[in-house]
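Below, chains carry the letters A, B, ... as their sequence lines are ordered, and counting in each starts from 1.
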Amino acid sequence: MAFVDSLLQNCHSLSHIKQLHAHLTTTGLFPFHRSKLLDRCATSPSLSLLPYAAFVFRHTPSPSTNDYNAIIRGLALTPTPTRALTCYLHMSRAPTTTTRPDALTCSFALKACARALALPEAAQIHSQVTRFGFGLDALLQTTLLDVYAKAGDLDGARKVFEEMASRRDIASWNALIAGLAQGSRPSEALEMFKRAGSEGLRANEVTVLGALSACSQLGATREGEKIWEYVRSEGLDLNVQVCNAAIDMYAKCGFVDKAYQIFERVCRKSLVTWNTMIMALAMHGDGRRAMELFEEMGRFGVCPDSVSYLAALCACNHAGLVDEGFRLFNSMAGRGVSPNVKHYGSVVDLLGRAGWLEDAFEIVRSMPVVPDVVLWQTLLGACKTYGNVDMAEQVSRKLVEMGSNSCGDFVLLSNVYAALERWDDVGRVREAMKNRDVKKVPGFSYTEVEGVVHKFLNGDQSHPSWREIYRKLEEVRFRIEAYGYVPETNYVLHDIGQEDKENALCYHSEKLAVAFGLISISEHAPIQVIKNLRICGDCHAVIKLISKIYEREIIVRDRARFHRFKQGSCSCRDYW
DNA sequence: TTAGGGTTAG
C-alpha cells in the first residue's frame with residue numbers, strides 16, 4: 001500500500017499515471033487504489049490530469065464516496081467550480097450505502113461554492129450538513145463560515161461562528177477575522193481580533209494577516225504597531241506574507257519609511273513584497289523611487305506581473321511622470337504582460353490628468369478590452385478639469401448607456417457647464433438627476449485619536465463632540481477667510497443645498513475629521529485622516545490653509561494616495 | 001488517502 005502511495009506521489013505526467021494505472025489493473029489491485037489515483041489526478045498542480053480522472057470516473061460502474069470526493073475536490077479547483085456542484089447534486093440525489101456524501105464531500109462542495117460565490121447553493125449545502133448530522137464537525141463549520149464570508153454574507157458567517165460556541169478554534173477565528181477584513185468591515189475585524197485575544201487565543205500568522213489588513217484599511221496606526229510588536233516577539237516576521245501585510249499597513253497608515261525598513265529586511269522577498277512596496281511609494285507620491293524599485297526587482301530575478309505594472313503606472317500617475325508612464329504602458333505587451341482594464345484606466349488617468357484628452361480618448365476608442373464605468377468616469381474627471389464640454393457630453397452619454405446612475409457623474413457634467421456659465425444646461429442635468437434615482441456613495445473619513453478610530457460622514461452630527469467640531473470649523477472658516485479663502489463652489493451643484501444640506505462643502509467628512517483632530521490631538525502631533533473617496537478641491541485648499549495657520553502637519557489618505565499638508569502646501573504639489 | 005483560516009490592485 002505504502003509503495004503504491006509513494007509511486008502515486010511521484011507521478012508527474014499522464015504517461016506515469018497511465019503506467020501505474022495499467023500495472024494496478026493487471027495485478028487486480030486497481031479497485032483498492034482507485035480513489036487515491038483519482039484524487040492524485042484531480043488535484044494535480046496544473047490540473048492537467050483532471051480530464052484523465054474524469055474519464056476514469058465516468059467508466060467506474062458504481063463509484064464510491066471517495067471517488068466522488070476526489071472528482072468534486074478537483075472540479076472545485078477549476079475555473080468553472082460550479083461543475084463540482086453539479087457532481088455533488090448528482091451524488092446526493094441518488095445516495096446508496098456506498099455512495100452517500102460524507103463530511104469531506106460537503107467540505108469540497110462548499111469550497112466550490114466559495115470560489116463560485118454561490119450563496120444560495122452554500123445555504124442549501126448548509127442545511128444538508130445539519131441534516132446529515134455533521135453539525136458538530138468544527139472543520140466543516142469553519143468551512144461553512146468561510147464560504148458565507150467569501151460569498152458576501154458576513155452576517156451569515158458571524159451566525160455560524162456564534163453557533164459554534166465551544167468548538168471554535170484558532171482557524172474559526174481566523175476565517176471570521178479575515179472574512180470581515182476582506183469584506184470591507186475592518187472595524188468589526190479588529191473588534192473580533194481583540195475579542196480573540198481577551199478570550200485567551202494565541203494569534204498565529206493567519207490571524208495577524210487579517211488584523212493587519214484591517215488596520216491598513218482603517219489607518220489604525222496604534223493597533224497596527226501593537227500587532228507588529230507582537231509579530232516580532234513571536235517570530236512571525238519570518239513569514240513573508242505577514243511582512244507584506246505589515247509593509248502595506250505601515251504605508252497605508254502614512255509611515256512609508258517604516259514600511260521600507262521592513263521591506264529591506266525581508267530576506268526572501270516575494271513578488272507581492274515588491275508589488276506592495278512599489279504601490280506604497282506610489283501612494284506617497286514618490287514616483288522616482290517606485291520606478292527604481294520596479295527596475296530593481298527585475299535585477300533580483302523577480303519578473304514583474306500585471307500588478308507590478310499597475311503599481312508602477314500608478315506611481316507615474318501620482319508623480320506626474322507622463323512620458324515615463326506612457327512608455328511603460330507601451331512596453332508591457334512586449335514583455336509578456338497584456339494590459340487589462342485597470343492598466344488602461346490608469347494610463348487614461350495619466351494622460352487625462354496631464355491634459356492630453358484627445359490621446360486619452362483615442363486609447364479608449366481603440367483599446368481591445370471593453371472599457372468599464374470607472375474608466376469612463378476617469379475620463380469625465382479629466383474633461384471637467386480641462387473644461388472640455390464636447391467630450392464631457394460624449395462620455396456622459398456613454399455612462400448613461402452603461403446604466404451608471406452615480407451622483408458623481410452628473411455633478412461632474414454639471415460642473416463642466418457651470419464653469420462656462422451655461423446655467424440652462426446645469427438645470428437640465430439637475431432635472432435629470434431628480435428624474436432618476438441617482439446613487440450617492442456616502443463619503444466618510446476616519447481619524448485615530450489615542451488608539452480609538454473615529455468615523456465621520458458628510459454633515460455628520462452623531463459624534464459626541466459634534467458641537468465643538470462645528471464650532472471649530474466656524475473658527476477655521478473665519479481665520480482662513482482672512483487669508484483670502486473663497487469657497488470653491490465649483491465642486492457642488494449650486495442650489496442643491498436646500499435638499500442636500502449634509503453634502504454642503506463646509507461639512508465634508510474630511511473637514512470634520514481634521515477639526516476633531518485640532519481639538520483633540522496635542523498641539524505638535526500631526527493629524528491623520530483617511531477618506532474613502534478622493535479628496536475634493538475645496539477640502540484640499542482649506543486643509544492647506546489650516547496647516548499654515550495652525551502650524552499643523554495634516555496627513556490625508558484619500559482613495560488613491562496620500563496628501564501631506566505642511567506649512568500651506570501639499571506633498572502632491574496640487575497634482576492629483 | 002483526501003478537510004478548515006492567508007498579503008499586493010485604477
*Got more than 12 heavy atoms from elsewhere within 6.0 Å of CZ, Arg365(A)?*
yes
*Ignoring hydrogens and angles, are the base of dG10(B) and the side chain of Asp372(A) linked by a donor-acceptor pair under 3.5 Å?*
yes
*Return the value, rounded to whole Å, for the distance between atom CE of Met367(A) and atom C1' of dG10(B).*
11 Å
*What heavy-atom pair brings Lys252(A) and Ile530(A) nearest, and what distance separates the two atoms?*
O-CD1, 4.1 Å
*Could you check whether Thr276(A) gets within reach of a base, just the sugar-phosphate, or nothing at all, counting any heavy atom under 4.0 Å?*
sugar-phosphate
*Is any side-chain N or O of Asn317(A) under 3.5 Å from a base N or O of dG10(B), one able to act as donor and the other as acceptor?*
no
_I'd like to know if Thr143(A) reaches the base of dG4(B) with its side chain, counting only an N/O donor and acceptor under 3.5 Å._
no
*Give one of base, sugar-phosphate or nothing for Val348(A), where a contact means two heavy atoms less than 4.0 Å apart.*
nothing
*More than 12 heavy atoms of other groups within 6.0 Å of Arg195(A) CZ*: yes
_Between C1' on dA9(B) and CG on Asn244(A), what's the gap in Å once rounded to a whole number?_
14 Å
*asked:* Please confirm whether the shortest side-chain N or O distance from Lys150(A) to OP1 or OP2 of dG4(B) is below 4.0 Å.
replied: no
*asked:* Counting neighbours of NZ on Lys226(A) that are heavy atoms of other residues, nucleotides or ligands and sit closer than 6.0 Å, is the number greater than 12?
replied: no
*Would you indicate what Ser216(A) reaches in the nucleic acid, counting non-hydrogen atoms under 4.0 angstrom: base, sugar-phosphate, or nothing?*
nothing
*asked:* Quiz question: going by heavy-atom distance under 3.5 Å, is there a donor-acceptor pair between the base of dG4(B) and the side chain of Asp137(A)?
replied: no
*In residues 252-267 of chain A, which residues come under 4.0 Å of DNA chain B by heavy atom?*
Lys252(A)
*asked:* What is the separation between atom CZ on Phe161(A) and atom P on dG5(B), rounded to the nearest whole Å?
replied: 15 Å
*Give Ile170(A) one of three labels, base, sugar-phosphate or nothing, depending on what nucleic acid heavy atoms sit under 4.0 Å from its own.*
base
*Kindly confirm or rule out a cation-pi arrangement of Arg289(A) over Tyr260(A), judged by NZ or CZ under 6.0 Å from the six-membered ring centre and within 45° of its axis?*
yes
*So what does Leu375(A) hit on the nucleic acid, given a heavy-atom distance under 4.0 Å: a base, only sugar-phosphate, or nothing?*
base
_Once side chain to side chain donor-acceptor pair (under 3.5 Å) is applied, do any residues pair with Tyr250(A), and if so which ones, sequence neighbours excluded?_
Glu225(A)
_Can you see if the side chain of Lys111(A) gets near the phosphate of dG5(B) - specifically, an N or O under 4.0 Å from OP1 or OP2?_
yes
*Counting any heavy atom closer than 4.0 Å, what does Gln141(A) reach on the DNA or RNA strands: base, sugar-phosphate only, or nothing?*
nothing
